[in-house]
Asker: 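So that we are looking at the same thing, I have put the structure below in structure tokens.
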Amino acid sequence: MPFLAAALDRVKPSATIAVTDKARRLKAEGRNVIGLGAGEPDFDTPANIKLAAVHAIEAGKTKYTAVDGIPELKEAIIAKFQRENGLTYKPNQIIVGTGGKQVLYNALMATINPGDEVIIPAPYWVSYPEMVALAGGESVPVVCTAEFGFKLQAEALERAITPTTKWIILNSPSNPTGAAYTRAELKALTDVLVRHPQVWVMTDDMYEHLIYDDFEFTTPAQVEPKLFDRTLTVNGVSKAYCMTGWRIGYAGGPAQLIKAMATIQSQSTSNPSSISQWAAVEALNGPQEFIDVNNKVFKQRRDLVVAMLNQAKGIDCPRPEGAFYVYPSCAGTIGKTTPSGKKLETDEDFVSELLEAEGVAVVQGSAFGLGPAFRISYATRTADLEDACKRIQRFCDSLR
């Protein structure tokens, strides 16, 4: 349609949103569907955070705020970065956006010129390359296989860097694999980046607190202080604080970059919800003990899903260090035929036939840049996860 912008030719709809929407439609039609596509905790927002929002409403804190966030939230974010990551920022080095996605998008829109390259380890969150495309840049996916724990290796990073590389996007723990970089693994990457001063680092730490088995989280600017002045450290309250719908993300970075991002935001959405910002102040400053309680449940679910999927014929499921996803290979099912006569040629075929035959909604790995595989979110009821894994086992048993 000529009326629409040519930029739309460069971008695809979100596969994760698409599968979630399809699962909802099938449920509305009366199908017994278990949706494992959504990346959000099934736990409710803690009561103290909700109460802070109520108090903000009652106090009339419902007006426009500063575009880049209220001072109280900026101070809470500064305290969080210092307390948990050893990073020191000033208020003009902090921005608050309507979710982490907007913060990432603003940064790319504020910095990317035609021809600029952005290195993105694959598997990647589906939105990274699409945001780069909308900003007019070129994504450079670097495949990171299960052999290396789905993690970027220093040698591969070195090979991917060119004179036109502007950013690398790092996500740990990862969506979609749950893989998390150790300090030593990050140091190997930051050693490479120190030698390439034209490359900036965008680190998506949204799943920082969702780690298991005594894993120690670190972030690149913490590991290598030499990169501090060219690193944007992105985080938010969505995952750890069970606040996906509140839409609050934030970042710390160089003042000039933060100012440019705020300019983009001022002419698009302006400030995030005032009420959500006050809730986020309480989230960051208030009690944190519930995170460990939730993580114990997530770990139990992870272990259940990994064990049951590895009992399914043709499935190989690594055990991730964090987040609430697993990323099993379905390579052992490719080429087989379903009872209905459909030959599985791709992971998209696997996902589609699984949904039709057993009512389990997952996302194909090809959408994340590496297949044949699929992503499961285990941020759902344990009973539903067990049922879903039994259905996957049954589906795989039925293939010939």
Side-chain angles (χ1 to χ4, degrees), residues 15-16 39 104 117-132 137-162 165-193 195-196 199-208 210-213 215 217-220 223-224 227 231 234 302 306 309 315-331 334 346-347 362-377:
T16 54
L104 295 163
E117 295 179 344
V118 179
I119 295 172
I120 306 176
Y124 45 67
W125 182 41
V126 294
S127 293
Y128 294 146
E130 309 307 325
M131 289 191 284
V132 171
E138 301 292 333
S139 294
V140 179
V142 181
V143 171
C144 307
T145 62
E147 176 187 0
F148 297 106
F150 300 118
K151 300 173 195 178
L152 180 63
Q153 302 299 295
E155 299 81 4
L157 172 58
E158 187 75 64
R159 288 194 299 269
I161 293 174
T162 74
T165 303
K166 180 159 276 188
W167 286 100
I168 177 173
I169 300 178
L170 293 173
N171 176 211
S172 172
S174 159
N175 174 6
T177 66
Y181 290 86
T182 65
R183 177 180 285 269
E185 289 166 339
L186 279 181
K187 186 64 169 63
L189 298 179
T190 59
D191 284 349
V192 173
L193 293 166
R195 298 196 295 269
H196 297 275
V199 183
W200 284 50
V201 184
M202 187 179 298
T203 175
D204 181 350
D205 297 347
M206 192 63 69
Y207 296 90
E208 169 185 3
L210 302 179
I211 50 176
Y212 316 112
D213 306 317
F215 185 89
F217 174 86
T218 50
T219 193
V223 171
E224 180 48 80
L227 294 177
T231 298
V234 182
R302 178 202 64 175
V306 169
L309 289 178
I315 303 297
D316 180 25
C317 184
R319 188 175 74 164
E321 295 91 350
F324 39 63
Y325 308 106
V326 292
Y327 198 75
S329 167
C330 58
I334 301 302
T346 65
D347 53 13
V362 300
V363 187
Q364 66 272 18
S366 53
F368 303 101
L370 181 65
F374 57 100
R375 188 194 78 171
I376 281 180
S377 167

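Since the model is a prediction, treat every value here as computed from it, not as a measurement.
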Asker: For Val143 versus Gly369, what's the shortest heavy-atom pair and its separation?
Answerer: CG2-O, 4.5 Å
Asker: Between Val363 and Tyr325, is any pair of side-chain heavy atoms under 4.5 Å apart?
Answerer: no
Asker: Let me confirm one number: the OH-OG1 distance from Tyr181 to Thr203, rounded to the nearest 0.5 Å.
Answerer: 10.0 Å
Asker: Should Tyr128 and Val118 count as side-chain neighbours, where that means a heavy-atom distance under 4.5 Å?
Answerer: no
Asker: Please lay out, stage by stage, how Trp125 and Met131 fare under the test side chain to side chain contact (heavy atoms under 4.5 Å, CB included).
Answerer: CA-CA 11 Å; Trp125 182 41; Met131 289 191 284; 4.0 Å; yes
Asker: Kindly give the heavy-atom pair with the smallest separation between Ala180 and Ser172, and that separation in Å.
Answerer: CA-OG, 3.3 Å
Asker: Nearest 0.5 angstrom please: Lys166 NZ to Met202 CE, how far?
Answerer: 10.5 Å
Asker: List the atom of Ala323, the atom of Ser174, and the distance in Å for their closest heavy-atom pair.
Answerer: CB-O, 3.7 Å
Asker: Any chance you could measure Leu189, atom CG, to Gln153, atom CD, to the nearest 0.5 Å?
Answerer: 7.5 Å
Asker: Is any side-chain heavy atom of Cys144 less than 4.5 Å from a side-chain heavy atom of Leu370?
Answerer: no
Asker: Among Leu186, Leu193, Ile168, whose side chain to side chain contact (heavy atoms under 4.5 Å, CB included) with Pro220 holds?
Answerer: Leu186
Asker: Let me confirm one number: the OG-CG distance from Ser127 to Asn175, rounded to the nearest 0.5 Å.
Answerer: 9.0 Å
Asker: I'd like to check Thr182 versus Phe215 (side-chain heavy atoms, cut-off strictly below 4.5 Å). Are they in contact?
Answerer: yes
Asker: Backbone N or O of Ala146 within a donor-acceptor pair of the Tyr327 side chain at under 3.5 Å?
Answerer: no
Asker: If we count only N and O atoms by modelled type, under 3.5 Å, do the side chains of Ser366 and Asp347 hold a donor and an acceptor together?
Answerer: yes
Asker: For Lys187 and Glu224, indicate whether the former's side chain and the latter's backbone hold a donor-acceptor pair under 3.5 Å.
Answerer: no
Asker: Can you tell me which residue among Leu157, Val199, Leu170, Thr162 is in a side chain to side chain contact (heavy atoms under 4.5 Å, CB included) with Ile119?
Answerer: Leu157
Asker: Rounded to the nearest 0.5 Å, how far does CD of Glu208 lie from OG1 of Thr218?
Answerer: 10.0 Å
Asker: Tell me if a side-chain donor or acceptor on Asn171 pairs with a main-chain N or O of Pro173 at a distance below 3.5 Å.
Answerer: yes
Asker: Under 4.5 Å between any side-chain heavy atoms of Tyr212 and Arg319, yes or no?
Answerer: no
Asker: Just to verify, what does Glu158 make a side chain to side chain contact (heavy atoms under 4.5 Å, CB included) with, not counting sequence neighbours?
Answerer: Val192, Arg195, His196
Asker: What are the two closest non-hydrogen atoms of Val306 and Cys317, and how far apart are they?
Answerer: CG1-O, 3.7 Å
Asker: For the atom pair OG1 (Thr145) and CD (Glu147), what is the distance rounded to the nearest 0.5 Å?
Answerer: 5.0 Å
Asker: Decide yes or no for Phe150 and Pro318: does some side-chain heavy atom of the first lie under 4.5 Å from some side-chain heavy atom of the second?
Answerer: yes
Asker: Kindly determine whether Phe374 and Ile315 satisfy side chain to side chain contact (heavy atoms under 4.5 Å, CB included), including the steps that lead there.
Answerer: CA-CA 10 Å; Phe374 57 100; Ile315 303 297; 3.8 Å; yes
Asker: Give the intermediate values and the outcome of side chain to side chain contact (heavy atoms under 4.5 Å, CB included) for residues Asp205 and Phe217.
Answerer: CA-CA 9 Å; Asp205 297 347; Phe217 174 86; 3.6 Å; yes
Asker: Give the minimum heavy-atom separation between Ala160 and Val142, together with the two atoms involved.
Answerer: CB-CG2, 3.7 Å
Asker: Can you give me the closest heavy-atom contact between Val140 and Glu117, atom names plus distance?
Answerer: CG2-CB, 3.8 Å
Asker: Compare all side-chain heavy atoms of Asp213 with those of Arg302 and state whether any distance is below 4.5 angstrom.
Answerer: yes
Asker: Under 4.5 Å between any side-chain heavy atoms of Phe368 and Thr177, yes or no?
Answerer: no
